[in-house]
Colleague: 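Here you go, one structure.
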Amino acid sequence: MPAFALYGEPGDPVPAGGEMLHIEPIQSRSRLYHWEIDAHVHRGLYQVVWVQRGHADVDLDESHGRCDAPAAIVIPPGVVHAFRFAPETDGFVLTMSPRSLVEGDLPAAGEALHTLFAAPRVLAFDAQAPDTQRTAALLDALLAEFRAPGTAGAPVPVWLARAAVWRLAQLTAQAQRDARPERGRARPHRALFARFLALVEAHHLEHWPVSRYASQLGLSPARLNRLARAETGLSAQAVVHDRLLREACRRLVYVAAPVSRLAFELGFDDPAYFSRFFKRGTGLAPSAYRERHAAPH
C-alpha cells in the first residue's frame, strides 16, 4: 500500500514525531491525476478534505460512498483512502502532524483532535449555515497565509489550522450530542489522550509495552490505563491492540502478500501467533477475512 506525506510525491512519509502542516486546493493535485486519487495511506498524519463545490466518490478503509458539497472527509492516520472527484470539484486538502496541534498547554486543541479524528468519516454540512461558512473562511485564510512569502515557521498558519480543527470538532460533537444528548459533556484530559494516540500511531508496529507509552507521557501505567478507560472504555493495551488489528485488516485487504509476510511486517515473530491474535480480535482467520473483504477495483 503506497504511503505518502503528500499524494504522489516521492520520498518517505514524515517520520515519527516529525512536524508537518500543508494545505492546497483540491484541484491543484487532483487535476494532475485526472480527478482520481488511488488508494494510499498517510503514516502519522491527519487529513481533512473540504469539498466546497462538486462531489466525490470516497473509499475509507472498507466503506464506500459519495459526498456532496459542502462536506468534510476526515481521515485519521493509517486509514486507506481513495477519491474519484467530479471534474472541477473545488475545496481544500489539509494535511498535518499532531505535534504542532497538541504541543504546549492547549487542552482544547488536543480534545478537538481526538473528537474530530476518532474515526474516518464524511461530515455533511448545510451550505447556508453560518458555521459552514466560517469553516470555509478559516481554510481559505489558512491557504492564503500558507502561500504568503516569508511565513515559513510563522505561528499564524498553525493558529488557523488549530481553529479549523476546533471548528470541525465542534460541529462533530454537536452532531453526536444531537444523536446522544445524554453524552454531551466533554471529558477531561483529552489533550493527554491525544498524545497517547499519536504515540500509538507512531510505534504500534514496534509492539511497545504499555509501560513505555506511559513513560513517554510522564505517567504511571496504572494512570495511563485509567485515562484510556475514561476515554474509550478500553485498557491502554487494548487501545494499542485495536490499532494493530486495524492495520492488519487494512493490509490483508489492500496488500497482495502472503499472510506470513504480513505477520512479520506487523511485528510478529511467529505467523501462527499473529493468526491467533487476529482471530481473537475479528472472529476470522486472516485468510478468511481477506476473502470476505476483497479490495474494490
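Treat the numbers as computed from the prediction; the structure is a model and nothing was measured.
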Colleague: Enter the distance from Phe92:CZ to Thr135:OG1 here, rounded to the nearest 0.5 Å.
Modeller: 11.0 Å
Colleague: Is there a side-chain contact between Arg167 and Asp131 (heavy atoms, below 4.5 Å)?
Modeller: yes
Colleague: Using side-chain heavy atoms (C-beta onward) and a distance below 4.5 Å, is Leu94 in contact with Trp50?
Modeller: no
Colleague: Before accepting this row, confirm whether a basic side-chain N of the pair Glu88/Arg31 lies closer than 4.0 Å to the acidic partner's carboxylate O.
Modeller: yes
Colleague: Closer than 3.5 angstrom, by distance alone: can the side chain of Ser63 be matched with the main-chain N or O of Asp59 as a donor-acceptor pair?
Modeller: no
Colleague: Verify side-chain contact (heavy atoms from CB on, under 4.5 Å) between Leu45 and Ile75, making sure each step is shown before the conclusion.
Modeller: CA-CA 9 Å; Leu45 295 173; Ile75 309 161; over 6 Å; no
Colleague: Please assess Leu123 against Leu116 for the test side-chain contact (heavy atoms from CB on, under 4.5 Å), listing each intermediate value before the final yes or no.
Modeller: CA-CA 10 Å; Leu123 304 171; Leu116 180 59; 4.0 Å; yes
Colleague: When rounded to the nearest 0.5 angstrom, what is the spacing between CG in Asp242 and OG1 in Thr232?
Modeller: 8.5 Å
Colleague: With rounding to the nearest 0.5 Å, note down the distance linking CZ in Arg162 to CH2 in Trp159.
Modeller: 9.5 Å
Colleague: Taking the side chain as every heavy atom from C-beta outward, state whether Leu262 and Val255 have any pair of such atoms under 4.5 Å apart.
Modeller: yes
Colleague: Just verifying a value: how many Å separate Cys249 SG and Tyr254 OH, rounded to the nearest 0.5 Å?
Modeller: 11.5 Å
Colleague: Quick check: do Ser97 and Tyr46 have side-chain heavy atoms less than 4.5 Å from each other?
Modeller: no
Colleague: Taking Pro25's backbone N and O only, do any of them form a donor-acceptor pair with Ser28's side chain (distance below 3.5 Å, no angle check)?
Modeller: yes
Colleague: Is the closest side-chain heavy-atom distance between Leu244 and Phe268 below 4.5 Å?
Modeller: yes
Colleague: Assess whether a salt bridge exists between Asp61 and Arg246, defined as any Lys/Arg side-chain N lying under 4.0 Å from an Asp/Glu carboxylate O.
Modeller: no
Colleague: Does CG in Asp126 sit with more than 12 non-hydrogen atoms of other residues, nucleotides or ligands closer than 6.0 Å?
Modeller: yes
Colleague: Using modelled atom types and a 3.5 Å cut-off, is there a donor and acceptor pairing between side-chain atoms of Thr115 and backbone atoms of Ala112?
Modeller: no
Colleague: With the side chain counted from C-beta on, respond yes when Arg29 and Val93 share a heavy-atom pair under 4.5 Å apart, and no when they do not.
Modeller: no
Colleague: For His22 and Phe146, take the angle between the two ring planes, folded into 0 to 90°, and tell me which bin it lands in: parallel under 30, tilted 30 to 60, perpendicular over 60.
Modeller: perpendicular
Colleague: Using the six-membered ring wherever Trp is involved, compare the ring planes of His40 and His42 and label them parallel, tilted or perpendicular (cut-offs 30° and 60°).
Modeller: perpendicular
Colleague: Taking side chain as C-beta onward, heavy atoms only, is Arg53 less than 4.5 Å from His55?
Modeller: no
Colleague: Does the Asn225 side chain pair with the main chain of Ala236, one donor and one acceptor, at a distance under 3.5 Å?
Modeller: yes
Colleague: Assign the ring pair Tyr213 / Phe196 to parallel, tilted or perpendicular, where the plane angle (0 to 90°) is split at 30° and 60°.
Modeller: perpendicular
Colleague: When you measure from the side chain of His34 to the backbone of Leu32, do you find a donor-acceptor pair of N or O atoms at a distance under 3.5 Å?
Modeller: no
Colleague: Counting only N and O atoms by type, is there a donor-acceptor contact under 3.5 Å from the side chain of Arg290 to the main-chain atoms of Leu252?
Modeller: yes
Colleague: Looking at Arg243, I want to see if its CZ is surrounded by more than 12 non-hydrogen atoms of other residues, nucleotides or ligands under 6.0 Å.
Modeller: yes
Colleague: Decide whether His204 and His241 meet the rule of one side-chain donor and one side-chain acceptor closer than 3.5 Å.
Modeller: no
Colleague: What's the separation between atom CG in Leu219 and atom OG in Ser211, rounded to the nearest 0.5 Å?
Modeller: 12.5 Å
Colleague: Is there a side-chain contact between Asp38 and Tyr33 in this structure, where contact means two heavy atoms from C-beta onward sitting under 4.5 Å apart?
Modeller: no
Colleague: Should the heavy atoms of other residues, nucleotides or ligands under 6.0 Å from CZ of Arg134 be counted, would the total exceed 12?
Modeller: yes
Colleague: Indicate yes or no for a side-chain donor-acceptor contact from Arg121 to the backbone of Ile73 under 3.5 Å, with no hydrogens or angles considered.
Modeller: no
Colleague: More than 12 heavy atoms of other residues, nucleotides or ligands under 6.0 Å from CD of Glu206: is that the case?
Modeller: yes
Colleague: Can you tell me if Thr282 uses its side chain to pair, donor with acceptor, with the backbone of Phe278 under 3.5 Å?
Modeller: yes
Colleague: Nearest 0.5 Å, what's the CG-OH distance between Leu284 and Tyr289?
Modeller: 8.5 Å
